[in-house]
Amino acid sequence: TLRGQYRYSDYERKGNDTQSTVDTDTYGFSLAWAPIDEVRVRAGYQRAVRAPNVIELYTGQNTNLPNLNPAGTNANGVQLFDPCASDAPIASLTTCQNTGVTSSQYGSIFDVISGQTQSLTGGNPFLDPETADKYTVGFVWTPGGMFDGLSVSVDFFDISVDDAIQAGISAQTVLDECLTTGNPTFCGLITRNPFNGSLASGSPGVGFQQTNINIAELATSGLDFQVIYDWDIGIHGFRVDYASSWLDELSFVPFPGADPVQCAGKFGNSCGGTLAPVNPEYRHRAVITWMSPWALDVNLTWRHFGSADNDNPNDELEAKLGSVNYLDLAAVYNLTEKIELRGSALTLLGEDPPIFSGAGPALGNGNTYPATYDTGTSFYLGVRLNY
């Protein structure tokens, strides 16, 4: 079986006295082949997009005052923060032109006072959608016979994201990369004073753009494994559904030329800035369901999160978060054909979350990561009416 799909999308964005349009193309195809009844192999490719959200586009912009590091001492013994400043610049004219210096300004630029420059932070209404390429390959085995009701699937995935949205890069990094490489990705984020070429704070629009920008790269790969088994004992039905994921790679590159930040099997603030703050290599969800003959279904779920190492190798006191296991209980009872009662208890045994003193806002709270770990037992009751 060969399948394919294509979608064209057109976005019009208005807000904060700005207007922009952007269009995207998403597409994919998949191939599934069953050489015998019991085995089906499958592979697929997908081009996906994620349009920037309202927060990324329209968070209020502010002017900040970041500091530059000392760039060195020039021929006159003067310490400079901007290597293109003073009557004896450290950097050459050609190099400084990458940052917006003109030949007439070179040799007379006023240096950054005490290292303090200027930047614009916040949302960016001209962001582009992120684009991702996803490859998968795997198989499904349904043996039948004495194992009737059993299904086993294994899938390998490889996903890369280009032009990922990243909060503004530091002014120092932008300046260094522009001077060194001349890459317009960085040089385009620098605006010098049009009259004197200075990067000193105080003039509107002068300095560095540190708003959200499409500059990062993300990559992940691993294996998904699932086993489903249905069987009956008399008038009672049972199902086991075990789904797990093994993470081989999870990394992001904050800007071109930077070293990848490896996050597979890691936790902490370095990874949480762009990815999830906790990324165990292994996790699973196993559910056993009892389908009674009395219109009652009961589920017992075992959720497992593997251990993770601190992404800061110098933190020896809190070097690891241990593995965590949760048991959840849920039941659904069809009182009539039109009335359904349901209830559940999450984290039935009250398992305490792992503690990390560095897990503060906005990534964490209460010295843990509540987006990953449960922080207490929760009970739910509900009624569904069907008409």
Side-chain angles (χ1 to χ4, degrees), residues 26-31 41-50 128-140 152-167 169 173 177 185 212-227 242-286 303-315 318-324 354 356 358-359 363-364 369 371-373:
T26 55
Y27 46 88
F29 64 87
S30 61
L31 177 66
V41 294
R42 56 193 181 188
Y45 163 78
Q46 184 178 14
R47 163 60 62 89
V49 300
R50 186 187 75 87
D128 292 323
E130 299 175 338
T131 58
D133 293 302
K134 178 181 180 180
Y135 299 89
T136 59
V137 60
F139 71 89
V140 181
V152 179
S153 65
V154 180
D155 291 280
F156 169 78
F157 62 87
D158 186 293
I159 306 170
S160 60
V161 181
D162 294 325
D163 299 325
I165 297 171
Q166 170 83 346
I169 305 170
T173 298
E177 291 292 327
T185 299
N212 298 328
I213 54 175
N214 297 94
I215 200 170
E217 297 177 5
L218 309 177
T220 185
S221 63
L223 286 175
D224 287 334
F225 180 67
Q226 185 171 24
V227 176
Y242 163 84
S244 65
S245 184
W246 175 71
L247 197 59
D248 178 51
E249 179 190 4
L250 181 64
S251 64
F252 77 96
V253 179
F255 56 85
D259 293 331
V261 179
Q262 302 293 342
C263 295
K266 302 291 183 64
F267 77 91
N269 298 328
S270 296
C271 295
T274 300
L275 305 172
V278 183
N279 303 282
E281 289 184 341
Y282 172 79
R283 63 178 66 188
H284 76 237
R285 182 176 182 271
R303 291 180 289 140
H304 173 83
F305 296 86
S307 61
D309 297 324
N310 197 325
D311 61 17
N312 179 7
N314 298 320
D315 190 345
E318 297 177 291
K320 196 180 192 71
L321 290 181
S323 59
V324 178
F356 173 54
L363 301 175
Y369 294 106
T372 301
Y373 302 113

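Looking at every heavy atom in both residues, Pro354 comes nearest to Gly322 through CG-O, 4.3 Å. Heavy-atom minimum distance, Asp163 versus Glu130: O-CG, 3.5 Å.
Between atom CZ of residue Phe305 and atom CD of residue Glu281 there is a gap of 15.5 Å, rounded to the nearest 0.5 Å. The line from CZ of Phe156 to OG1 of Thr136 is 10.0 Å long, rounded to the nearest 0.5 Å. Expressed to the nearest 0.5 Å, how far OH of Tyr135 lies from OH of Tyr45 amounts to 5.0 Å.
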Checklist entry - Does the side chain to side chain contact (heavy atoms under 4.5 Å, CB included) test come out yes or no for Arg42 and Ser153, once each step is laid out? => result CA-CA 10 Å; Arg42 56 193 181 188; Ser153 65; 3.8 Å; yes

Item to check | Stepwise side chain to side chain contact (heavy atoms under 4.5 Å, CB included) check, Ile165 with Arg50 | outcome: CA-CA 10 Å; Ile165 297 171; Arg50 186 187 75 87; 3.6 Å; yes

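When the shell of 6.0 Å around CZ of Arg47 is examined, it contains more than 12 heavy atoms from other residues, nucleotides or ligands.
Looking at residues two or more places apart in sequence or on another chain, you find no side-chain hydrogen bond (donor to acceptor under 3.5 Å, both in side chains) involving Asn312.
Among Asp309, Asn310, Asp315, the one residue that satisfies the side chain to side chain donor-acceptor pair (under 3.5 Å) test with Lys320 is Asp309.
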What pairs of donor and acceptor atoms, side-chain ones from residues 255-269 against any protein atom, are under 3.5 angstrom apart with sequence neighbours left out?
none

For residues 215-227, please give each side-chain donor-acceptor pair under 3.5 Å, one per line with the distance, not counting sequence neighbours.
residue, atom, partner, partner atom, Å
Thr220, OG1, Glu249, O, 2.9
Asp224, OD1, Ser245, OG, 3.1
Gln226, NE2, Asp241, OD1, 3.0

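Between Tyr373 and Val278 there is a side-chain heavy-atom pair separated by less than 4.5 Å.
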